[in-house]
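Just so we're on the same page: letters track the sequence lines, and every chain starts at 1. Only a predicted model underlies this, so the values are computations on that prediction, with no experimental measurement involved.
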Amino acid sequence: MPEKTYDHQQIELKWHERWSQDPTLYQAEENSARPKYYVLEMLPYPSGALHIGHIRNYSIGDALARYMWMRGYNVLHPMGWDAFGLPAENAAIANQRPPREWTLSNVEKMKRTHSRFAFSYDWDREVTTCEPDYYRWNQWFFLRMLEKGLAYQKQALVNWCNQCATVLANEQVVDGCCWRHDSTPVEQRALEQWFLRTTAYAADLLEDIKQLEGNWPDRVLTMQKNWIGRSEGAEVDFTIQGYGPVRVFTTRVDTIFGATCMILAPEHAIVATLSEDLKAQAKRMVDARANQGPGDVLKDGFDTGLRAVNPFSGETIPIWVGNFVLMGYGTGAIMAVPAHDERDFEFCRKYGIDVVPVIKPVDGDLPDGATMTVANGDYGIVANSGQWSGMTSEDARREMAAHAEREGFGKSAITWRLKDWGVSRQRYWGTPIPVIHCPKCGVVGVPDDQLPVLLPRQVQITGKGRSPLADVPEFVDVPCPKCGEPSKRETDTMDTFVDSSWYFYRYCDAKNSNAPFDPAKIAYWFPIDQYIGGVEHAILHLIYSRFWTKMMRDIGLITNAEPVKKLFTQGMVIANGAKMSKSKGNVVNADLVADEFGADTARLFALFAAPPERDMDWTEAGAEGIYRFLGRVYRFATRNIGTAGGDGSSDAKILRKLHQVLMKVTQDFDSRWHFNTSIAAMMELLNELHAEESKISAAAMAQSIEIVTFLLAPFAPYLAQELWEEQGKSGPVFRQQWPAFDAELARETDVEIPVQINGKLRARVTVPAGLDKDALEAAVRADEKVAAQIEGKTVVKVIAVVDKLVNIVVK
RNA sequence: GCCCGGGUGGCGAAACCGGCAGACGCACCGGACUUAAAAUCCGUUUCCCCGCAAGGGGAGUGCGGGUUCAAGUCCCGCCCCGGGCACCA
């Protein structure tokens with residue numbers, strides 16, 4: 001066949017056209033005899049355009065999906081849209097377009113780009129989270145949680161900007177000020193907010209991390225463990241004269257004889273009983289804390305004048321309020337042991353409070369509290385602590401907690417860092433929370449048969465004030481479902497992390513209008529075999545998803561405890577050495593790349609430039625290199641299809657290389673996913689084919705071209721399909737069986753052995769592969785150059801490693 | 001401060017179990033083809049030294065030590081870059 005020029009536009013258009021006509025092309029089988037494989041990439045926010053970071057994420061997943069198909073699996077590979085969220089509201093304010101319209105038009109645009117990149121998604125299962133057929137199930141789940149006490153309302157502090165007159169998300173607070181008004185400090189306001197009781201699953205979430213070990217990246221699991229933050233210690237009541245007991249949490253009850261004051265969080269209930277003056281001081285502390293960015297924060301506090309009694313020592317100590325004590329952790333009150341805690345030390349030295357050491361280092365003396373300059377937090381031997389003196393810290397912690405429990409002023413206790421999930425957002429573009437506030441019945445869940453609570457379409461979004469829904473009387477004013485009294489509908493909407501917590505279940509049964517999904521379908525497809533996405537979701541999305549799964553299990557919907565068996569976190573994409581960002585204007589647009597080089601080139605380069613877990617640098621020049629490679633493949637294949645062939649003198653060599661590369665690529669898929677080296681191996685193969693071109697027989701050539709086609713199929717689907725057709729074959733190449741490699745054929749017959757003398761490379765000797773140590777040594781010693789090197793010297797030792805190297809140690 | 005990654009040519013990287021450091025690609029330079037250019041093809045390129053040359057010698061994977069016949073890889077002590085967490089009692 002005469003050589004053809006690689007025209008990516010023509011090839012990709014042609015197959016795009018043909019593939020578009022077959023909606024069943026990528027559908028998973030319903031009642032399949034094949035083993036199932038669920039591969040998933042994180043769903044995107046529909047911003048309007050795909051960039052090269054998306055392409056990288058999807059290229060990894062798609063290569064895997066296509067490979068698994070060819071390996072005989074029934075593959076589920078779906079895609080959807082995380083379609084609620086603030087940008088749609090901002091766009092509505094900026095250009096007067098309704099959020100839904102703006103969002104759906106973005107979805108359409110991005111779907112077109114997806115399609116031209118030929119990602120093998122089953123679009124029949126598409127999920128768009130802003131549509132009522134999806135979010136009604138958010139509401140349904142919310143009601144189930146309300147029934148089980150897993151959803152509840154409480155006063156909570158939110159970030160409030162006086163200029164915007166609205167609540168800000170944490171990400172919108174920059175250095176303590178509003179992102180849009182950088183001289184307006186954000187205030188903390190208490191509002192009634194809805195929460196999901198994630199803390200009910202704290203122990204479960206921590207325990208089940210064990211099931212994920214080995215299949216999730218360690219750092220993600222570590223981040224989750226830290227986030228859950230299990231801490232073992234004791235709670236102890238100190239008695240405040242005139243008030244009664246106040247409880248503190250400590251992990252170091254063994255140091256309690258060294259407690260020289262108690263410190264309360266400024267929000268602590270006792271603060272409300274203080275003088276107006278002191279209350280105002282505490283309030284300033286709370287606001288100041290909101291304005292503190294990360295970084296070193298000075299400790300600040302004041303004496304309340306109150307006194308507490310240490311139940312262990314009977315001593316009376318002062319009670320302070322301190323800005324570093326958090327109301328949200330433990331009991332919001334601590335016993336300060338400055339001698340043995342860095343933070344307490346800093347605070348007490350600043351205010352001249354006593355420092356009393358009570359732990360003797362194992363190999364030293366008790367320090368002097370008056371002169372010590374750093375706290376010592378190590379375990380040691382308890383001293384000056386009554387009957388506990390002389391015990392080790394470990395023993396004392398246990399014994400003292402037991403003592404407190406017997407005496408009724410404390411107990412051992414476990415505290416968690418994990419907090420309940422605040423899901424209320426004073427926003428329009430999110431799932432309406434399905435409850436009604438009745439003056440008689442209180443909070444009433446919307447009955448299931450009245451779901452979904454639809455988001456009204458005609459809403460004025462101004463970016464000011466409370467939730468825009470509060471200004472829609474038809475939405476707000478409803479009768480109570482229980483008693484019929486005029487009532488008010490809840491106007492907060494749900495955090496968009498709710499949407500992404502269970503979307504991958506919906507893919508299994510995306511069109512079900514009677515239930516979120518059919519449990520039988522979940523039983524078949526779950527857990528997700530491979531989830532692929534950015535590490536930025538290591539905590540929030542992936543903890544919420546795990547929580548949601550456990551909740552669904554406990555309401556009897558599913559049986560799996562974890563949603564995701566294996567997690568892969570790909571690295572970031574850097575564009576020409578700089579982090580891609582809108583503000584830098586260096587976001588690489590996927591459509592433009594596809595225009596210039598084609599989808600195949602973009603996909604292949606996204607995998608070639610670096611191993612997938614590492615950051616990769618996108619460069620035009622690099623993409624051009626891949627484009628050249630694909631062109632070489634195409635020209636080589638077209639001019640060699642159906643040729644008479646050469647004398648076959650290179651057949652054995654070529655056959656070996658074919659199997660070596662096939663083995664390498666197969667193993668890369670099955671283990672490390674270092675597709676950069678898989679692709680490099682394909683390039684080597686092509687280079688060798690090229691060099692031997694005239695000496696390959698017709699049969700070996702045909703086989704070579706076929707294998708090259710298979711190798712390309714998971715990575716560059718358009719070119720692979722085109723070559724498949726050029727070879728006179730029909731049907732989709734990615735539905736063919738992946739060819740098995742033959743390790744015997746891949747084995748080299750001769751190997752070049754480097755010979756070292758005293759560790760220095762001195763010669764290379766070619767020997768037949770597989771020679772044993774003695775034969776290898778003999779063969780090497782027979783070499784002239786080697787013989788000359790050891791001439792006249794004493795051979796002390798010879799290290800011969802089969803097929804690798806020989807090192808001769810001489811004197 | 002703590003916890004993870006990472007540091008290898010001009011650049012992206014490879015070397016998977018301790019065994020030839022730099023595969024593959026980019027860029028550069030040189031050559032072929034061309035009236036010319038593009039495209040394509042072939043070749044050179046870690047550094048230093050000796051040699052007209054074929055060739056030969058030495059150094060080299062952030063820094064300093066160590067283990068070993070042999071270290072990019074293992075151990076000890078540092079430095080730098082990126083990310084995450086950050087008063088969690």
Side-chain angles (χ1 to χ4, degrees), chain A residues 3 5 217-223 225-227 229-231 233 248-252 255 263 265 289 292 294-299 322-326 328-337 340-344 346-347 377 415-419 535-536 538-539 571-572 574 577 579 605 608-611 613-626 628-629 631-632 635 664 667-668 671-672 674 676-687 690-691 752-761 763-764 796-810:
Chain A
E3 177 177 304
T5 309
D218 284 342
R219 65 174 167 149
V220 172
L221 296 181
T222 306
M223 281 160 90
K225 279 182 211 162
N226 293 340
W227 189 261
R230 182 179 192 275
S231 183
V248 302
F249 173 75
T250 177
T251 54
R252 293 298 303 273
T255 65
I263 308 176
R289 183 150 65 196
Q292 290 157 359
D296 279 359
V297 173
L298 289 178
K299 292 204 170 30
N323 65 343
F324 68 102
V325 178
L326 307 173
Y329 184 79
T331 60
I334 63 161
M335 62 176 205
V337 184
H340 302 295
D341 181 282
E342 207 44 62
R343 297 151 303 178
D344 298 346
E346 191 189 331
F347 187 86
T415 293
W416 304 84
R417 227 189 78 131
L418 184 75
K419 298 196 179 87
V535 72
E536 64 273 21
I539 302 188
M572 259 188 339
I574 309 285
K579 188 173 171 171
F605 183 60
F608 178 69
E613 73 278 8
R614 292 247 289 268
D615 290 351
M616 77 159 272
D617 194 5
W618 175 272
T619 60
E620 286 264 308
E624 270 168 41
I626 291 293
R628 277 199 287 268
F629 167 65
R632 267 200 306 274
R635 287 191 308 276
K664 159 110 187 92
Q667 289 173 346
D668 276 335
S671 59
R672 294 200 305 166
H674 277 198
N676 54 330
T677 62
S678 311
I679 296 163
M682 290 182 218
M683 290 173 168
E684 280 184 52
L685 171 61
L686 190 78
N687 291 346
H690 199 123
E752 195 185 60
I753 300 292
V755 183
Q756 298 178 340
I757 309 292
N758 288 344
K760 299 267 184 207
L761 182 69
R764 293 166 208 275
V796 180
K797 192 173 179 183
V798 178
I799 293 103
V801 184
V802 173
D803 288 349
K804 283 281 191 219
L805 135 162
V806 173
N807 189 7
I808 302 172
V809 186
V810 298

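When the C1' atom of B/A70 is taken as reference, atom NZ of A/Lys804 falls 14 Å away, rounded to whole Å. When the P atom of B/G84 is taken as reference, atom CD of A/Glu536 falls 10 Å away, rounded to whole Å. Whole-Å rounding puts the A/Asp668 CG to B/C16 C1' distance at 10 Å. Distance, A/His340 NE2 to B/A89 P: 17 Å, rounded to whole Å. The nearest whole Å value for the distance from the NZ atom in A/Lys299 to the C1' atom in B/A89 is 11 Å. Here B/G19 presents its P atom at 14 Å from CD1 of A/Ile753, a figure rounded to the nearest Å. Rounding to whole angstrom units, CG of residue A/Asp617 and P of B/G6 are separated by 18 Å. Here B/G55 presents its P atom at 15 Å from CG of A/Leu761, a figure rounded to the nearest Å.
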I'd like to compare against my own output: the B/S/- annotation of nucleotides 22-33 of chain B with a strict under-4.0 Å heavy-atom distance to protein.
-BBSSS------

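Listed nucleotides B/C69, B/A89, B/A13 differ in distance to A/Pro611; the shortest reach to its side chain belongs to B/A13. When the nucleotides B/A13, B/C42, B/C3 are ranked by their closest atom to the side chain of A/His690, B/C42 comes out on top. With B/C69, B/C4, B/A89 as the choices, the nucleotide that has an atom nearest any side-chain atom of A/Ile334 turns out to be B/A89. Residue A/Met223 places its side chain closer to B/G84 than to any other of B/G84, B/C3, B/A13. Distances from the side chain of A/Arg614 to the nucleotides B/G12, B/A89, B/A13 place B/A13 closest. When distances run from any side-chain atom of A/His674 to the nucleotides B/G19, B/A14, B/A89, the shortest one goes to B/A14.
Of the side-chain N and O atoms in A/Arg672, none sit less than 4.0 angstrom from OP1 or OP2 of B/A14. Taking 4.0 angstrom as the limit, A/Arg635 places a side-chain polar atom (N or O) nearer than this to OP1 or OP2 of B/C41.
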One pair to check against side-chain hydrogen bond (donor to acceptor under 3.5 Å, both in side chains): A/Lys664 and A/Ser678. What are the steps and the verdict?
CA-CA 7 Å; A/Lys664 159 110 187 92; A/Ser678 311; 5.2 Å; no

If you apply the rule side-chain contact (heavy atoms from CB on, under 4.5 Å), what do you find for A/Phe324 with A/Glu346, and how did you get there?
CA-CA 11 Å; A/Phe324 68 102; A/Glu346 191 189 331; over 6 Å; no

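With A/Asp344 contributing its side chain and A/Val337 its backbone, the two residues share a donor-acceptor pair below 3.5 Å. Side-chain N or O atoms of A/Asp615 include none that pairs as donor or acceptor with a backbone N or O of A/Ile574 at under 3.5 Å. In this structure a side-chain-to-backbone donor-acceptor pair under 3.5 Å is present from A/Asn807 to A/Gly759. Checked by atom type and distance alone, the side chain of A/Arg252 pairs as donor or acceptor with a backbone atom of A/Gly377 at under 3.5 Å.
Remark: B/C69 base-pairs with B/G19; criterion is Watson-Crick or G-U wobble with both hydrogen-bond distances under 3.5 Å. Look at B/C26: its Watson-Crick or wobble partner, with both distances under 3.5 angstrom, is B/G10. For B/C2, the paired nucleotide is B/G84, the pair qualifying as Watson-Crick or G-U wobble because both relevant distances are below 3.5 Å. Base pairing analysis places B/C78 opposite B/G62; the two distances defining the Watson-Crick or G-U wobble pair are each below 3.5 Å.
In this structure the side chain of A/Lys419 never reaches within 4.5 angstrom of the side chain of A/Tyr329, judged on heavy atoms.
Toward the 5′ end of RNA chain B lies the nearest nucleotide of A/Lys664, the other residue of the pair A/Lys664 and A/Thr415 mapping further downstream. Between A/Met572 and A/Asp344, it is A/Met572 whose nearest contact on RNA chain B lies nearer the 5' terminus.
In this model, no donor atom of one side chain and acceptor atom of the other lie less than 3.5 Å apart for A/His674 and A/Gln667.
Look at the P atom in both B/G18 and B/G12: the space between them is 27 Å, to the nearest Å. Nucleotides B/A14 and B/G72 are separated by 11 Å at their C1' atoms, to the nearest Å. Comparing B/G6 with B/C17, their P atoms sit 13 Å apart, to the nearest whole Å. Nucleotides B/G22 and B/U45 place their P atoms 12 Å apart, quoted to the nearest Å. Straight-line distance between the P atoms of B/C24 and B/U46: roughly 13 Å, to the nearest whole Å. Rounded to whole Å, the separation between the C1' atoms of B/A39 and B/C80 comes to 44 Å. The gap from the P atom of B/A86 to that of B/C81 amounts to 22 Å, rounded to the nearest Å. Rounded to whole Å, the C1' atom of B/U61 lies 30 Å from the corresponding atom of B/G51.
Glycosidic conformation of B/C69: anti, with the torsion beyond 90° of 0. Base orientation of B/G62: anti (glycosidic angle beyond 90° from 0).
Counting non-hydrogen atoms under 4.0 angstrom, A/Val796 reaches nothing in the nucleic acid. Base engagement by A/Glu752 is indicated by at least one non-hydrogen atom pair under 4.0 Å involving a base atom. If you check every strand for non-hydrogen atoms under 4.0 Å, A/Lys760 touches sugar and phosphate atoms only.
Taking the centre and axis of the six-membered ring of A/Phe347, the NZ or CZ atom of A/Lys299 falls outside the cone set by 45° and 6.0 Å.
The 12-atom threshold is exceeded at CZ of A/Arg230, counting heavy atoms of other residues, nucleotides or ligands nearer than 6.0 Å.
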